[in-house]
Amino acid sequence: MLTIALLALLCASAYANAIQARSSSYNGEYGGGGGERFSHSGNQMDGPITAIRVRVNRYYIVGLQVRYGKVWSDYVGGTQGDMEEIFLHPGESVIQVSGKYKYYLRKLVFVTDKGRYLPFGKDTGTSFNAVPLYPNTVLRFISGRAGSLINAIGLHWDIYPSECSSC
């Protein structure tokens with residue numbers, strides 16, 4: 001009898017774990033080798049992504065900076081090229097990121113849940129398309145490798161933060 005009770009408890013526990021909602025997922029790294037690793041994992045605590053700065057030159061994505069809530073992340077990458085900046089509308093989130101690379105990142109396209117398409121860089125290289133694995137999740141932070149250019153990028157997805165006092 002004790003064996004049956006333990007077996008039933010074990011099965012119930014396994015079933016509960018199997019149906020537990022999952023929300024975080026990862027895509028990447030997209031790009032070439034080299035560069036110093038960076039991660040904005042701690043920045044997501046400042047709130048959702050509210051703006052993105054991308055520095056581009058004739059051939060590559062040179063640098064990146066992301067605003068989480070009202071706080072800008074550290075800038076990563078080089079200094080050559082033109083800085084472009086986009087702001088998300090309140091409550092708007094990135095739900096897809098595509099791009100191209102060859103040794104370095106060449107193009108990034110952010111797509112939002114409001115239907116906006118936000119392209120940066122040049123349309124040449126190997127393509128990638130990243131979307132979250134789980135429904136109702138959004139881009140929460142980025143990671144990757146950078147030096148004088150953005151070598152590679154990783155994309156981290158999770159649920160939109162329910163509370164954000166600084167947004």
Side-chain angles (χ1 to χ4, degrees), residues 23-134 137-161 164 166-167:
S23 61
S24 64
S25 60
Y26 171 77
N27 300 111
E29 282 185 340
Y30 302 106
E36 296 289 320
R37 292 205 173 276
F38 71 89
S39 175
H40 290 176
S41 63
N43 296 92
Q44 69 177 320
M45 303 308 285
D46 292 321
I49 293 173
T50 55
I52 302 168
R53 290 178 178 154
V54 180
R55 186 178 300 278
V56 297
N57 68 16
R58 276 182 64 190
Y59 304 106
Y60 301 108
I61 302 292
V62 176
L64 292 169
Q65 189 175 29
V66 179
R67 191 174 80 167
Y68 296 87
K70 294 184 179 178
V71 180
W72 284 99
S73 69
D74 290 337
Y75 177 83
V76 293
T79 58
Q80 302 297 314
D82 299 321
M83 182 73 81
E84 300 177 23
E85 181 177 79
I86 58 104
F87 287 85
L88 300 181
H89 300 299
E92 184 176 28
S93 297
V94 174
I95 58 168
Q96 178 182 356
V97 180
S98 59
K100 297 199 175 202
Y101 63 91
K102 183 175 183 181
Y103 308 117
Y104 302 98
L105 209 54
R106 291 184 173 220
K107 181 173 185 150
L108 282 172
V109 179
F110 298 93
V111 179
T112 75
D113 57 353
K114 305 294 187 202
R116 291 204 296 158
Y117 173 89
L118 310 164
F120 301 94
K122 306 300 176 212
D123 199 18
T124 180
T126 303
S127 298
F128 70 88
N129 186 48
V131 294
L133 182 60
Y134 301 106
T137 57
V138 300
L139 184 64
R140 291 293 286 127
F141 70 95
I142 64 170
S143 63
R145 289 176 284 110
S148 59
L149 300 168
I150 301 300
N151 297 70
I153 192 168
L155 305 151
H156 302 260
W157 311 89
D158 208 334
I159 58 172
Y160 188 87
C164 183
S166 66
C167 302

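Nearest heavy atoms, Arg116 versus Leu88: NH2-CA, 3.5 Å. Of all non-hydrogen atoms in Tyr59 and Asn57, the two that sit nearest each other are N-OD1, 2.8 Å. Shown here for Ile49 and Tyr68, the closest heavy-atom pair between the two residues is CG1-CE2, 3.6 Å. Across Pro48 and Pro161, no two heavy atoms sit closer than the pair CD-CG, 3.7 Å. For the residue pair Ala152 and Gly32, the shortest heavy atom distance occurs at CB-O, 3.9 Å. The heavy-atom pair separating Tyr26 from Ser143 by the smallest distance is CE1-OG, 4.2 Å.
A distance-only check finds no donor-acceptor pair linking the side chain of Ser23 to the backbone of Asp158 [under 3.5 Å]. A donor-acceptor pair under 3.5 Å links the side-chain atoms of Asn151 to the main chain of Gly33, judged by distance alone. Between the side chain of Ser73 and the backbone N or O of Val66, at least one donor-acceptor pair lies under 3.5 Å.
Taking OH of Tyr104 as the start and CD1 of Ile61 as the end, the distance is 14.0 Å to the nearest 0.5 Å. Between the CZ atom of Arg106 and the OH atom of Tyr101 there is a distance of 12.0 Å, given to the nearest 0.5 Å. Between the CZ atom of Phe110 and the CD1 atom of Ile95 there is a distance of 13.5 Å, given to the nearest 0.5 Å. The distance from atom CG of Asp46 to atom NE2 of His40, rounded to the nearest 0.5 Å, is 11.0 Å. Between the CZ atom in Phe141 and the CG atom in Leu155 there is a gap of 10.0 Å [rounded to 0.5 Å]. Taking CZ from Arg53 and CD from Glu84, the interatomic distance works out to 13.0 Å, rounded to the nearest 0.5 Å.
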Problem set entry | Verdict with reasoning, Trp72 to Arg67, per side chain to side chain contact (heavy atoms under 4.5 Å, CB included) | CA-CA 4 Å; Trp72 284 99; Arg67 191 174 80 167; 3.6 Å; yes
Which atom pairs, one a donor and one an acceptor, fall under 3.5 Å between side chains of residues 118-132 and the rest of the protein, sequence neighbours left out?
| from | atom 1 | to | atom 2 | distance (Å) |
| --- | --- | --- | --- | --- |
| Asp123 | OD1 | Lys100 | NZ | 3.3 |
| Asn129 | OD1 | Gln96 | NE2 | 2.6 |

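Between Val97 and Trp157 the shortest side-chain heavy-atom distance falls below 4.5 Å.
Salt-bridge formation is detected for the pair Arg37/Glu29: a Lys NZ or Arg NE/NH1/NH2 atom is positioned less than 4.0 Å from an Asp or Glu carboxylate oxygen.
Ile150 pairs in a side-chain contact (heavy atoms from CB on, under 4.5 Å) with only one of the listed residues (Val56, Leu64, Ile142, Val62), which is Leu64.
Annotation: side chain to side chain donor-acceptor pair (under 3.5 Å) contacts of Asp113 (sequence neighbours excluded): none.
Within a 6.0 Å sphere centred on OH of Tyr75, heavy atoms belonging to other residues, nucleotides or ligands number more than 12. Within 6.0 Å of CD in Glu85 there are more than 12 heavy atoms belonging to other residues, nucleotides or ligands.
Under the 3.5 Å distance criterion, with hydrogens and angles disregarded, no donor-acceptor pair is assigned to the side chains of His156 and Ser41.
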